[in-house]
Each structure stands twice: as C-alpha cells, then as structure tokens.
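Worksheet: one structure, shown below.
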Amino acid sequence: MTIKRLFQEAERLLSEAGLVGVKVSPPKSPEFGEAFTPYPFEEARRSGGNPLSLAESIVSRLGRGEFIGHVEAAPPGFINFHADWARFSAYTVREVLRLGPREYGGSREGEGRVVLVEHTSVNPNKALHIGHARNVYLGDTIARTLAKTGYQVYVLNYIDDSGAQMASVLLGFLELGMPAEPPLGVRFDEYCGDQVYVEVSRRVEADRRLEERLRALAKKIEERESSEFKYARLVSDKVLSNQLLTCWRLGARYDLLFRESDVVVSGLWSKTFNILQGRGIVYLAAEGPNRGCWCVDLSSHPVLSKEGDEILVKSDGSTTYVARDIAFALWKLRDSDVEIRGREWGVNPDGTPIIITETETGAPIVFPRPEKVITVVGSEQRRPQEVIRYVLTKLGVNGGRYLHYSYERVSLSPDSARRLGVESAEARAVQMSGRRGIYIKADEVLDELKRLAAEEVRRRHSDWPAGKVDETSEAIARGALRYSILRSEADKAVVFDLREATRLEGDTGPYIQYSVARSYRILEKAADAGLKAKPTPHGPLTSEEKMLVRSISFLPLTIEMAAKSLRLRQLVTHSRELAVNFNEFYEKCPVIDGGEHAQFRLALVEAYIVAQTSLMELIGIPVLREM
RNA sequence: GGGCCCGUAGCUCAGCAUGGACAGAGCGCCGGCCUUCUAAGCCGGAGGUCGAGGGUUCGAGUCCCUCCGGGCCCGCCA
C-alpha cells in the first residue's frame, strides 16, 4: 500500500543489482527522499572501502522503477531513493480514494487473532478525574489501533466493587449517617467521590476504631447473601452508570463490564485458590508478620524475593486485590474453565451491546481465547502486576500473553493545584489524591473546554442555532482533551495544567479538526463551481503538494508501527504532521482557482480528508465538517 | 537499602526500540500576512554544553557504565 509499494520497489532494484535482502527505511527528512539505506557503510566496514564510492557504484548498477524517479549516492555514503512524483502521487491519491477512511491506513496483520484489552477500571466510588481519563484514552486507542490492523478486540472494564474503597462509601452511608442521595443537581458519582469518600477518609484517619469497621465491611461485602453485599452492588451500579457517561464523552466503548465481586461469588476465586494450593504456589504463614495469611512464595523470583511474599488471603479470610486479579487474569486468558455469567447492561454509543457480569441470573459469557491480554494500569502497580504475571507463569501460562501496559501518572501543575486551594511547595507538581479530594474531574475540564470552544464558534457563526453550536463545541472539547493527553508518551509523567490543556490553537486537537473543516469547505466550493477531481497531476508538483502526498502515503507505515510497539504518540504526531502539510498546501496552492492544477488538487484534498479521517478515528478525535 | 521510570529551547513535549546526513514542534516573546477555498491559519526572527562524566563505534541525543536531579513501588490498600 502506497509508501510500502515504493519500499518494495527500492528493495527489488537493490536485489536485482545483487544486494539481496537489503532493507530500506523511511528517511528522517524529505530532502533524503522517500526511502534510504545506509548499506554502503556496512559494506565499507567489511571491505574497508570508501562508503561514498561504494554507494556511487551501487547506484550506477540500479535499474529503473515505476514509482522511483531517481536514486542518488549522498555523502557520506547513503543511498537515497526519490519518488517519481507525477506517478507516485497519482498512484497514492487513487489508492487512498479507492480505499476510503475505513480501510486506508489499516491492514490485515492481526486477522484471525484475538486480543483482550482491559482499561478504565475505576473504583465505583467516585467520578473520573483526568488521571483516569489518561487510562481510558490509552486503552481505547490501543483497542482502536489493534482493531484497525485486523485484530478481533474485546474491551473490558473491571469494576472494583469489593475492597476498601467500596467499603469506605458504604461506611458513610450505613454507619456515619451520610445521605444516600446527592444534593440536587449533583451527579451520584461526583457526590460519592467529592463528598462521601473524602469525608469518610478524613474521619477514618482521625478515628482508629472506624478503621476496624471498614475492614469488617470489606469482608462483609464479599458475602453474597449479606445485605451489605447487595447494598454495595446498588451503589456501585449507580456510580458505574454515571462513570460510563463520562467514558462515552472520552470516546470509549466496552464489550464487558466485569464486577470484581463476581470473581468471588462465581467461585472463580475459590477454584483458582484450590489450584494454587494444589500446586504449592501459596502457603499458609504460621508465624511472622503475615501469620494467618495465605501468601505467594516469591523466594525464587529474582527481584520480588527481596521484598517479602505477597498476601492473597488476609487472616480474616477475605481476599486481597492481587488474589482477585490473579483469578480474573486466568479467566481473561481463557485458562480457567469457571463459567462467568452475564446479562446485557446497555449499548455503546456505536450501538454495540455491553454485557455486565451477573452470577445469579445471567447467561454464560463466551468469547474466543485471546492470544494476548493487555491490562492498562498505572506504573505504580508494576509490582502487583509482576506478581500476577509470575503466578501465571508458575501455573504454566506463557507470561508473554499477559501484558501490563504501564503508564506514568498525571499530576497537577502548581497553578492548577492552587485552583483547588492546594499550595504546592516551591512550584512543584502536586499528586492527585481521591481520598484527600485533590483532583480535577474529566468532565470539569471537558465542560470548561466546551465553554471556551462555544465562545469561538459563536464569534465565527452568529447565525448558527444553539444546537449546532453545542454539538460543535462538544466535539472540539473532546478532540482537544484527547489530543492533549495522548500527546505524551505513556512512560512520561504528565503535569496537567488547566490553562495549557484548554488551549484551542497551536499543537492541539482543534488544529487538526480545523484543517479538515477547511478542506470540507473546499469540497463544497468545488461542487458549486462544478469542478471534478482527477488523481493525475498536471505537470510537476509544488513542494507543498509533494509534502502532503508524502505524509498521506506514510500513514499505513505509522499505524503498523504503532500497532506493533503500542507507542501511540506517533499516531498523534503523524496526525499533526498531516495537518501541518495540509495547512501549508492550503496557503500556497489554490484549488478552485488553481487553473489546470485544480482537478488534481481537489483529488488531493479528498485524499487528505480520507487519510486524516482514518487517523482521527483511530486517535478518537471527532471529525467536524464545519467549525 | 532494593527495584522501575524520567531528565532535549524560558515553559510543555517530539526524536532514543532498528546508532548515520544540519537536534525538531507548540506555547510564550519580537516582526509581518485577511477585497483571494474559514486568520482555531500562514511566513520570518530571537532562543539548545540533548542532566554530568567516562566507554563502545568510522560515527552517540540514540547503545553500555558511573554519578547527579525528579517521580513511583517495596501495605492483612487498590
């Protein structure tokens, strides 16, 4: 497809000249052509010759290609292949228009293979903050990227409805007399997180006896028949349906909502525990600090052995999160035969159904055995995730099938922290804390972005009805936040600054959206003028045209690499590069008044829309025809 | 103490996985461009010991080692 065709051709020319198996790569800069190889350096190392003269000699032996215009030996010894722009641009534009935004850039690389992606997994006692948003964006983009390259992708959201955090809000409702309903106009998930959880955490910290109550509650909610269990489900379900509203705004979709409590009540945990006991992977500690707990023996792990064994079952008989997650991991991998039941919860915005686990009344949940399970979890959970992987390996599972997609956390800039009344020492970033109420909610940011975007929209379109302004500014807000978070590679800590994140100009989502809106306007004007698109250029291309064709043609390569490495940032970079190239083209190359160039340029604009739309759908930035 | 991640322009970040051709954007700052397809845009300018030091190599921002600075983990929390 497009650039790969040119690569193949370059490699064919090399092999016909006797250099079999020599690969070409994408050059750093367009001045070095569309493909290059540093092969002469390797050859020179072996033979002791001069790289440049070797390069020249190789170039002189090369035949002619269809899409390669000329090949040069460049000092100090590279071989650069330059496209024949007339032919290559016609081929690229035609190919892109033929495939359309759904197919262009994608591949069948993963066809017939299944991957399970777990993301979001926010405790159902609070609304999503921007740290959670990063998780959702990363997980959702991974899912989209794998789907684009042909994988069958299942998306899971793990609902941690047992454990201490859940017990906290329950303690507030059941024992501390906090109202079960939020104040008027406040969403339930926000009420639980902003008020109940924060207040309970404050009081527990001040009163040691409440800590006891909390532990007792945490144990109680693992017992299926208890009223606490039922109440926990009620609260968790209410919070969950609120959280999902935010997730839709973030652009996510899910196939399965897996309630953690079902790991226990379905028997998945006890079955797993039996296996772990049978294999001698866990032991009951008879003495020491872990007395009375069932622990994983980590003594033979090269690193974890230094930190003591991991507790799976507490001395009061309740399970830890790692225990439940081991059982869950086995099930995700399809290496447990325990049947999990579920029912339809609702539908995604795209119309696909969402199943939620329901041990008592549901129907069996079936999906194919995944080649890989990807769990999107913050880097602070590296240790427990490694424990899980280690136990899986002990059970005979190929550890490579269980991938922890780790990302660094989101903290608040001193300026943004100050808005929450938190003063940071010496201008340092402030860590968010759900317990202490220090965080910025995803919806707050989206609302602020939407407000700013609406101002801009109204200024440009005083005649637009309110509904259209609303729709457009919502799409701009969504694109802006998603872009600003995905801009940073996962292993980079993000310092969130509200002012920085709510920009609508420069290196932002709206910049991309705007370039597409502009291109749609050209299409509209062209139709009015009766102009017909034609993929074949008239005469030599301008440098702006070449650059635009170039970055359009490289898209399949970028997506392929992103799917392989899961470095999602390069998708964002490519989208921006496409938009930059389009804006420069827009500035320098009139389409409607382009005379003999008009038809080709119109086709090129169409190809830009196809390529950029394909990529924006992958990154999750809404496409707008007008803004 | 042990382990993991990060350190590139005043600020926010690309580039490092597969070493190669002048280290790139954006924001901010200075100066230009709207009777011409939406100026949420474009053009130009100033701004860098790629944290420091060693090593490997014909060649290191990129690989290896040491150190310094920042973050995270090492809980009967998740």
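Every chain is numbered from 1 and lettered A, B, ... according to where its sequence line falls, protein lines coming before strand lines.
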* Asked: Does Arg435(A) make a side-chain N or O approach to OP1 or OP2 of rC77(B) shorter than 4.0 Å?
  -> no
* **Side-chain donor-acceptor pair present, Tyr283(A), Asp309(A), cut-off under 3.5 Å** => yes
* Asked: Which heavy atom in Lys532(A) sits nearest to a heavy atom in Gln599(A), and how many Å separate them?
  -> O-CG, 3.0 Å
* To do: Without swapping roles, check the side chain of Asn157(A) against the backbone of Ser121(A) for a donor-acceptor pair under 3.5 Å.
  => yes
* Asked: Please give, in whole Å, the distance from rC42(B) C1' to Phe582(A) CZ?
  -> 13 Å
* Asked: Of all the choices, rA40(B), rC73(B), rC42(B), which nucleotide is nearest to the side chain of Asn583(A) once you look at every atom?
  -> rC42(B)
* To do: Indicate, with yes or no, if the rings of Phe81(A) and Phe7(A) have centres closer together than 6.0 Å.
  => no
* Would you please classify the geometry between the Tyr158(A) ring and the Phe328(A) ring as parallel, tilted or perpendicular, with 30° and 60° separating the classes? => parallel
* To do: Among rC72(B), rA17(B), rG75(B), find the nucleotide with the atom closest to the side chain of Arg567(A).
  => rA17(B)
* Picking from rU36(B), rA78(B), rG41(B), which would you name as closest to the side chain of Asn123(A)? -> rA78(B)
* Does Val591(A) or Asp160(A) map to a spot on RNA chain B nearer the 5' end, using the closest nucleotide for each? -> Val591(A)
* **Span that lies between the P atom of rG15(B) and that of rG7(B), in whole angstrom** => 10 Å
* Asked: Heavy atoms under 4.0 Å, any strand shown: does Cys589(A) hit a base, just sugar-phosphate, or nothing?
  -> base
* Would you say rC42(B) has OP1 or OP2 under 4.0 Å from some side-chain N or O of Tyr511(A)? -> yes
* Structure fact -> Of the candidates rC76(B), rC42(B), rA40(B), the side chain of Ile476(A) sits closest to rA40(B)
* Asked: Would you say Lys492(A) reaches rG7(B)'s phosphate, i.e. side-chain N/O to OP1/OP2 under 4.0 Å?
  -> yes
* rC13(B) and rG48(B), which share atom name C1', separated by this distance in whole Å -> 15 Å
* Rounded to the nearest Å, what distance is computed from the NZ atom of residue Lys588(A) to the P atom of nucleotide rC43(B)? -> 6 Å
* P-based separation of rU62(B) from rG55(B) [nearest Å] -> 14 Å
* **Basic-acidic side-chain contact under 4.0 Å: Glu211(A), Arg208(A)** => yes
* Counting heavy atoms from C-beta on, name the nucleotide in rC72(B), rC13(B), rG41(B) closest to the side chain of Ser488(A). => rC13(B)
* Can you tell me the distance, in whole Å, between the CD atom of Gln570(A) and the C1' atom of rC16(B)? => 13 Å
* Asked: Taking RNA chain B as the partner, which of residues 313-325 of chain A come within under 4.0 angstrom of it by heavy atom?
  -> Lys314(A), Ser315(A), Thr320(A), Tyr321(A), Arg324(A)
* Would you name the heavy atoms of Ile221(A) and Asp161(A) that are closest together and state the gap between them? => CD1-O, 4.2 Å
* What form does the base of rC4(B) take, syn (within 90° of 0) or anti? -> anti
* Asked: In the 5'-to-3' direction, what one-character label does each nucleotide of nucleotides 19-31 of chain B receive under the scheme B = base within less than 4.0 Å of a protein heavy atom, S = sugar-phosphate only, - = no such atom?
  -> -BBB--SSS----
* **Span that lies between the C1' atom of rG61(B) and that of rC77(B), in whole angstrom** => 40 Å
* To do: Write down the distance separating the P atoms in rC50(B) and rC11(B), rounded off to the nearest Å.
  => 16 Å
* To do: Between rC37(B), rC43(B), rA40(B), spot the one nearest the side chain of Glu584(A), thanks.
  => rC43(B)
* To do: Please state the C1' separation for the pair rC6(B) and rC16(B) - nearest whole angstrom.
  => 13 Å
* To do: Ignoring backbone atoms, establish whether Gln431(A) has a side-chain N or O less than 4.0 Å from OP1 or OP2 of rC72(B).
  => yes
* Using the P atoms only, state how far rG19(B) lies from rG59(B), rounded to an integer number of Å. => 15 Å
* Salt-bridge present (Arg383(A), Glu310(A); N to O < 4.0 Å) -> yes
* Ionic contact status for Arg215(A) with Asp316(A), cut-off 4.0 Å -> no
* Asked: Given pairs defined as Watson-Crick or G-U wobble with both distances under 3.5 Å, what dot-bracket annotation applies to RNA chain B, with ( ) intrastrand, [ ] crossing, | other strand and . unpaired?
  -> (((((((..((((......[...)))).(((((.......))))).....(((((..]....))))))))))))....
* rC76(B) versus rC72(B) - spacing of their C1' atoms, nearest Å -> 23 Å
* **Phosphate-side-chain proximity, Lys219(A) and rC76(B), N/O vs OP1/OP2 below 4.0 Å** => no
Contacts table for residues 579-588 of chain A: side-chain donor-acceptor under 3.5 angstrom, sequence neighbours left out:
{"unit_1": "Asn581(A)", "atom_1": "OD1", "unit_2": "Ser551(A)", "atom_2": "OG", "d": "3.0"}
{"unit_1": "Asn583(A)", "atom_1": "OD1", "unit_2": "Arg518(A)", "atom_2": "NH1", "d": "2.8"}
{"unit_1": "Asn583(A)", "atom_1": "ND2", "unit_2": "Tyr511(A)", "atom_2": "OH", "d": "3.1"}

* Structure fact -> Contacts of Thr542(A) meeting side-chain contact (heavy atoms from CB on, under 4.5 Å) (sequence neighbours excluded), chain-then-number -> Glu544(A), Glu545(A), Cys589(A), Arg601(A)
* Who are the salt bridge (charged side-chain N to carboxylate O under 4.0 Å, His left out) partners of Arg435(A), not counting sequence neighbours? -> none
* To do: Scan side-chain atoms only and decide if Gln243(A) and Asp189(A) contain a donor-acceptor pair under the 3.5 Å cut-off.
  => no
